[in-house]
Number of protein chains: 2
Amino acid sequence: MAISEQQAKMAEGKRLVQGDKVYSTPIEVTLEVIGGKWKSVIAYHIIQGPQRFSELKRLIPDINEKMLTQQLRELERNEVITRTVFAEVPPRVEYRITEHGASLQPVLEAMCLWGRGHWQQLAAKP
Amino acid sequence: MAISEQQAKMAEGKRLVQGDKVYSTPIEVTLEVIGGKWKSVIAYHIIQGPQRFSELKRLIPDINEKMLTQQLRELERNEVITRTVFAEVPPRVEYRITEHGASLQPVLEAMCLWGRGHWQQLAAKP
DNA sequence: AACCATACTTACATAAAAGTAAGTGACTTC
DNA sequence: GAAGTCACTTACTTTTATGTAAGTATGGTT
């Protein structure tokens, strides 16, 4: 390792660097992939089994088509899911979890579990 | 349960309701508490042990004071952390995880682990 | 008296995320 | 041939999140 690199590392503390992006926790890396309002929810549904576009729309009633498409594309770009178009009319498109995406299961499961617990606490109080 | 309530539930599928908020997955509940760019990172650091404001600033170099205060307040409001002011000059304020907040550990750990793995994959490729 | 430290607060500005509504293409059924 | 299905796209608007920079209070140190 060059001295300048080393100095840079010491000056900035333990930080993860990737191209022009700098993270101070691996959590930030995860957020790049499943951060935001929809991505974790979408991934959670697809991890339960392959889903069509329309099925996801049904499963996530409040999402609109633009958001659904956009977030699916980003998940695809990050290799969390794959997109398969079937040459049929009307078209059929299937989204499946990748192996890499499947490794998100513990994260999504933990989030799901915690959310359920927190919701019950809220429901019990006021 | 009143019939109208029941009908409402059937019409809208399995959804969690809390006041004026409606969720279709417990994941959304979790996101209300630790969603966004900073909250999970902050909680992660405080879960490792009590931290002062200035220490958090040091641990999360890219955050600014306004954001740090704001997010700390929201974590406090959701009973994830507590805030203790010591009557000293200069002031000392300590943030600690609550019991409820400590239950986030599996979530944050999973996020951290996954982020590390994903980052290594990225680093190995290009 | 001037300066330092800590942990903020405030007003304001910018950027990013999310939402709305209308339209597209290819083929099927009525 | 009009209408319907599915999975989008596009242009545009609104909302939410995040950031900047300056200022505040208390009291200790020089």
Side-chain angles (χ1 to χ4, degrees), chain A residues 20-25 27-43 45-46 50-78 81-96, chain B residues 20-25 27-43 45-46 50-78 81-96:
Chain A
D20 52 346
K21 282 182 178 153
V22 180
Y23 310 96
S24 66
T25 318
I27 288 184
E28 294 170 34
V29 180
T30 302
L31 289 179
E32 291 254 319
V33 179
I34 53 159
K37 190 170 175 184
W38 301 115
K39 286 203 280 240
S40 51
V41 175
I42 295 171
H45 286 300
I46 298 179
Q51 307 285 354
R52 302 181 54 166
F53 188 84
S54 53
E55 184 62 7
L56 288 167
K57 244 167 64 179
R58 206 184 56 76
L59 290 167
I60 314 168
D62 293 342
I63 203 171
N64 59 53
E65 302 195 331
K66 188 201 130 191
M67 275 298 123
L68 184 50
T69 316
Q70 191 178 105
Q71 306 301 300
L72 284 166
R73 292 292 143 82
E74 288 179 30
L75 288 170
E76 200 190 349
R77 193 162 45 76
N78 285 304
I81 61 173
T82 57
R83 175 173 180 270
T84 313
V85 185
F86 294 87
E88 300 172 4
V89 169
R92 183 160 64 99
V93 179
E94 217 176 65
Y95 295 94
R96 290 176 171 271
Chain B
D20 52 346
K21 279 178 183 158
V22 180
Y23 310 96
S24 66
T25 317
I27 288 183
E28 294 170 34
V29 179
T30 301
L31 290 178
E32 290 254 320
V33 178
I34 54 160
K37 188 171 177 182
W38 301 115
K39 286 201 281 239
S40 52
V41 175
I42 296 171
H45 286 301
I46 298 178
Q51 307 286 352
R52 301 181 56 169
F53 188 84
S54 53
E55 184 63 8
L56 288 167
K57 244 167 62 179
R58 206 185 55 75
L59 290 167
I60 314 170
D62 293 341
I63 203 169
N64 58 50
E65 301 195 332
K66 188 200 129 192
M67 275 295 122
L68 184 51
T69 317
Q70 190 179 105
Q71 306 299 302
L72 284 166
R73 292 292 142 83
E74 289 180 27
L75 288 170
E76 200 191 350
R77 193 161 48 73
N78 285 304
I81 61 173
T82 57
R83 175 173 180 269
T84 313
V85 185
F86 294 87
E88 300 171 3
V89 168
R92 181 160 64 96
V93 178
E94 217 176 67
Y95 294 94
R96 289 175 172 271

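The chains referred to below are lettered A, B, ... by the order of the sequence lines, with proteins before strands, and numbering in each begins at 1.
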Length of the line joining [X]:[atom1] and [N]:[atom2], which is rounded to integer Å:
X      : N       : atom1 : atom2 : result
E28(A) : dT18(D) : CD    : P     : 12 Å
F53(B) : dT24(D) : CZ    : C1'   : 14 Å
R58(B) : dA5(C)  : CZ    : P     : 17 Å
L31(A) : dT18(D) : CG    : C1'   : 15 Å

query = How does protein reach along nucleotides 13-30 of chain C, written 5' to 3' as B (base within reach of a heavy atom under 4.0 Å), S (only sugar-phosphate), or - (no contact)?
reply = -----BBB------B---
task = Would you indicate what T69(B) reaches in the nucleic acid, counting non-hydrogen atoms under 4.0 angstrom: base, sugar-phosphate, or nothing?
result = base
query = Base, sugar-phosphate alone, or nothing: which one does Y95(B) contact when heavy atoms must sit under 4.0 Å apart?
reply = sugar-phosphate
Non-hydrogen atoms of [X] and [Y] that approach each other most closely:
X      : Y      : value
E74(B) : K39(B) : OE1-NZ, 2.5 Å
V41(B) : E28(A) : CG2-CG, 3.9 Å
P50(B) : R96(B) : CG-NH1, 3.5 Å
V22(A) : D62(B) : O-OD2, 4.5 Å

query = CD/E88(B) to CZ/R92(B) distance, rounded to the nearest 0.5 angstrom?
reply =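 So the CD of E88(B) and the CZ of R92(B) are separated by 4.5 Å.
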key: Approximate separation, where rounding is to 0.5 Å, of H45(B) NE2 and L56(B) CG   =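 Between H45(B) NE2 and L56(B) CG, I get 7.5 Å after rounding to 0.5 Å.
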Can you tell me if [X] touches the phosphate of [N], counting only side-chain N or O atoms and a distance under 4.0 Å to OP1 or OP2?
X      : N      : answer
R92(B) : dA5(C) : no
S54(A) : dT5(D) : no
R83(B) : dC8(C) : yes

